[in-house]
Peer 1: 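Handing you this structure, nothing more for now.
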Amino acid sequence: MQSEKNKEQEKGNLTEGQKIRRRTFISFFSFIALNSAAYSGWRWLYKKAPEEAAGITAGAKKPLRRALNKTELAFRKIFSPNHFAKTYPKSSAAKKVRVNGDIGLGKPVDTANWKLKVVKTPGEVLQVSLEELKALPKTEIIFDFKCVEGWDQIQHWAGVKLMDFIRHYHLEEQAKMEYAGLVTPDKEYYVGIDMPSFLHPQTILAYEMNDQPLRPEHGAPVRLIIPVKYGIKNLKNIASISFSNNRPPDYWAEQGYDYYSGL
Amino acid sequence: MKKIKEKHSLAMRWFHWVNFPLLTIMIWSGMLIYWADDEYSFTVFGHTFFRFFPDWFYKLFNIPQRLAEGMAFHFLFMWFFAINGILYFFYTWFSGSWRELVPNKHSFKEAWQVLLHDLHLRKTAPPQGKYNAAQRVTYSAIIVMGLGSLLTGLAIYKPAQLNVLCNLLGGYHAARIEHFVLTIGYVLFFVVHVTQVVLAGWNNFSSVITGFELEEKQ
């Protein structure tokens with residue numbers, strides 16, 4: 001055995017024992033080093049990474065917000081107005097429709113004198129009454145409403161398709177902008193929606209639920225129903241709609257949620 | 001005299017050890033998300049055996065009230081989890097090492113014999129290559145489960161844009177349950193896997209770090 005070892009060493013080759021020790025050392029050293037690096041990276045992200053500066057979005061760590069925004073861009077590439085949320089027969093729709101939020105519903109609305117304000121330019125505001133809205137073609141949708149919390153419910157809504165509204169009131173110029181912003185009367189709740197999603201054929205200004213006028217807790221007199229977004233973007237009790245090339249303020253995006261929140 | 005017997009390629013070790021923390025982060029952030037609508041339970045004939053999850057569990061892992069954070073982590077690490085898994089799949093395919101992994105026609109019968117052997121109910125185990133039949137079945141299943149998590153995840157992430165996929169998986173509601181069940185599957189796999197690794201001993205464990213096992217020289 002000894003002579004064999006010497007022979008190997010004379011040739012400059014490693015003995016099997018040396019090979020074993022060397023490879024074991026390199027492997028474990030690399031394993032521990034890589035694990036330490038990964039763990040430090042994680043600790044940094046989890047503990048040390050700075051919060052984003054509060055602005056249109058807030059409440060998330062800077063690198064995580066960056067990732068959300070980058071991921072939005074990646075998934076926007078597969079967005080198509082021809083991709084629809086699944087629709088269902090009327091019989092599938094829930095009779096007891098879930099109510100999950102009352103932010104922005106503080107002020108009772110006088111439906112008779114109510115006007116939807118559409119800010120066409122900073123100085124020019126279009127006002128649309130409920131009767132005028134109801135005179136436009138009615139679009140019904142029965143779809144699976146999805147809450148960001150995770151629950152879903154098949155619901156039946158009806159109202160004016162956004163595209164019909166845009167065409168009727170000649171808002172084509174405004175629709176060329178990047179975003180729409182919607183606000184409740186008390187300005188407590190507000191959402192920003194990218195224009196492709198806003199103009200999606202399933203997006204409606206809803207004034208009926210289960211063939212009845214909206215009740216206050218569901219957003220009377222008119223709310224947004226946008227099946228390509230989570231519930232958080234389906235603003236109840238719309239007071240005004242405006243258009244912008246920048247992201248309008250968004251209630252939940254200020255609480256650490258993804259601005260896009262698209263489905 | 002001990003001798004080196006090559007076992008796991010560097011690529012395979014890399015994919016394994018990268019996947020482990022990634023999957024852990026995905027499960028953890030997934031629980032931060034699940035908490036916001038934690039409606040699942042294990043119920044048979046009206047009797048609820050277990051609710052996912054009890055309050056003590058949530059408290060222990062500091063899960064409540066962290067939905068937004070959970071989503072932010074989940075939607076970042078999903079990329080790495082998916083990329084690592086896809087690269088592993090193609091590596092296994094092109095390197096030919098799938099031959100040692102994918103169950104053959106004897107594997108399912110033999111896996112049962114391995115199980116009986118491991119439970120000390122059978123004296124002999126069937127002959128094996130790099131992996132025994134039970135390993136072939138479970139390690140292949142875990143890859144299929146990974147693909148399942150990716151697809152069910154995409155279906156609940158973009159149910160409108162990927163509506164075809166979502167419908168194939170039985171719709172949004174079903175896909176969320178499937179995504180959850182797969183995750184429970186990983187946790188069960190982890191428990192069995194770690195137990196088996198402990199029982200198999202150091203030589204076997206260290207081979208997943210060094211790439212080789214030691215065997216007695218003939």
Side-chain angles (χ1 to χ4, degrees), chain A residues 1 4 16-17 19-20 23-28 30-32 34-35 38-39 42 45-46 59-61 63-68 70-72 74-76 78-80 83-86 143-144 146-154 197 200 202 227-229 252-253 255-258 261-263, chain B residues 1-4 6 8 10 13-14 17-18 20-22 24-25 28-29 33-40 66-79 154-164 166-167 171-176 179-180 206-212 214 217:
Chain A
M1 199 61 92
E4 188 188 315
E16 191 74 0
K19 270 191 207 159
I20 291 168
R23 279 185 62 179
T24 304
F25 176 78
I26 292 171
S27 302
F28 272 88
S30 314
F31 182 74
I32 290 165
L34 287 170
N35 268 296
Y39 184 69
W42 171 254
L45 181 61
Y46 190 67
K61 286 172 184 297
L64 293 178
R65 176 62 71 186
R66 210 174 122 84
L68 285 174
K70 292 278 179 205
T71 304
E72 165 182 342
F75 276 93
R76 268 197 186 201
I78 61 160
F79 181 91
S80 160
H83 293 161
F84 295 102
K86 191 184 177 186
F143 78 107
D144 194 19
K146 296 162 198 81
C147 179
V148 72
E149 291 171 357
W151 57 266
D152 61 296
Q153 187 181 46
I154 297 171
S197 301
H200 187 278
Q202 290 181 307
V228 294
K229 296 286 185 193
W252 289 106
Q255 314 280 328
Y257 287 85
D258 179 28
S261 291
L263 296 171
Chain B
M1 178 86 186
K2 302 273 195 216
K3 183 170 158 284
I4 286 177
E6 301 294 343
H8 299 297
L10 179 61
R13 286 175 273 153
W14 171 268
W17 290 113
V18 167
F20 173 58
L22 287 177
T24 306
I25 292 169
W28 165 76
S29 56
I33 297 170
Y34 171 76
W35 171 88
D37 184 43
D38 59 340
E39 56 183 3
Y40 302 150
R66 297 174 75 182
L67 170 61
E69 193 188 356
M71 292 174 86
F73 275 109
H74 212 65
F75 301 151
L76 168 57
F77 284 89
M78 66 179 187
W79 291 107
L154 278 169
I156 50 184
Y157 186 50
K158 300 292 168 195
Q161 296 308 318
L162 302 174
N163 56 28
V164 175
C166 191
N167 292 340
Y172 179 81
H173 197 83
R176 187 176 184 258
H179 200 64
F180 184 85
S206 73
S207 73
V208 188
I209 294 169
T210 63
F212 61 86
L214 293 176
K217 204 170 186 176

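Protein chains get the first letters and strands the later ones, always in sequence-line order, with residue 1 at the start of each.
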Peer 1: What part of A:Trp42 gets within 4.5 angstrom of chain B, counting heavy atoms only: side chain, backbone, both, or neither?
Peer 2: side chain

Peer 1: Taking every heavy-atom pair that is under 4.5 Å apart, which of B:Ile156, B:Ile209, B:Asn163 has the most such pairs with chain A?
Peer 2: B:Ile209

Peer 1: At a heavy-atom separation under 4.5 Å, does B:Leu22 approach chain A through its side chain, its backbone, both, or neither?
Peer 2: neither

Peer 1: Measure distances from A:Ala74 to the heavy atoms of chain B and classify the residue's part below 4.5 Å as side chain, backbone, both or neither.
Peer 2: side chain

Peer 1: Check each atom of A:Phe28 against the heavy atoms of chain B and say whether the ones under 4.5 Å are side chain, backbone, both or neither.
Peer 2: both

Peer 1: Please report the closest heavy-atom contact between A:Thr71 and B:Trp79, naming both atoms and the distance.
Peer 2: OG1-NE1, 3.1 Å

Peer 1: Who pairs with A:Leu34 by side-chain contact (heavy atoms from CB on, under 4.5 Å), at least two apart in sequence or on another chain?
Peer 2: B:Trp14

Peer 1: Just so I understand: if I count every heavy-atom pair under 4.5 Å between each of A:Ile20, A:Ile26, A:Leu68, A:Thr24 and chain B, which residue has the most?
Peer 2: A:Ile20

Peer 1: What part of A:Phe75 gets within 4.5 angstrom of chain B, counting heavy atoms only: side chain, backbone, both, or neither?
Peer 2: side chain

Peer 1: Between chain B and each of A:Asn35, A:Asp258, A:Val148, A:Val228, count heavy-atom pairs under 4.5 Å; write down the option with the most.
Peer 2: A:Val148

Peer 1: Heavy-atom distances under 4.5 Å only: say whether B:Pro159 touches chain A with side chain, backbone, both or neither.
Peer 2: both

Peer 1: Between B:Leu214 and chain A, which part of the residue has a heavy atom less than 4.5 Å away: side chain, backbone, both or neither?
Peer 2: side chain

Peer 1: Hey, do the aromatic rings of B:Phe212 and B:His8 have their centres closer than 6.0 Å?
Peer 2: no

Peer 1: What part of B:Phe77 gets within 4.5 angstrom of chain A, counting heavy atoms only: side chain, backbone, both, or neither?
Peer 2: side chain

Peer 1: Side chain from CB out, backbone as N, CA, C, O: work out which of these in B:Trp35 comes under 4.5 Å of a heavy atom of chain A, or both, or neither.
Peer 2: neither

Peer 1: Give, as side chain, backbone, both or neither, the part of B:Asp38 having an atom under 4.5 angstrom from any heavy atom of chain A.
Peer 2: neither

Peer 1: Is there a donor-acceptor pair under 3.5 Å between the side chain of A:Tyr257 and the backbone N or O of B:Leu67?
Peer 2: no

Peer 1: Within the side chain of A:Asp144, is there an N or O that forms a donor-acceptor pair under 3.5 Å with the backbone of A:Gln153?
Peer 2: yes

Peer 1: Can A:Asp152 and B:Arg176 be counted as an ion pair, charged N to O under 4.0 angstrom?
Peer 2: no

Peer 1: Under 4.5 Å from any heavy atom of chain B, what part of A:Gln255 do you find: side chain, backbone, both or neither?
Peer 2: backbone

Peer 1: To check you understand the geometry: which heavy-atom pair defines the closest contact between A:Pro227 and A:Gln202, and what is its length?
Peer 2: CD-O, 3.2 Å

Peer 1: Of the backbone (N, CA, C, O) and the side chain (C-beta and beyond), which part of A:Lys19 lies under 4.5 Å from a heavy atom of chain B, both, or neither?
Peer 2: both

Peer 1: Can you give me the closest heavy-atom contact between A:Glu149 and B:Ala36, atom names plus distance?
Peer 2: O-CB, 3.5 Å

Peer 1: So, the side chain of B:His179 versus the backbone of B:Ala174: is there a donor-acceptor pair under 3.5 Å, distance only?
Peer 2: no

Peer 1: Cationic tip of A:Lys146 within the cone over B:Tyr172's six-membered ring, i.e. under 6.0 Å and within 45° of the normal?
Peer 2: yes

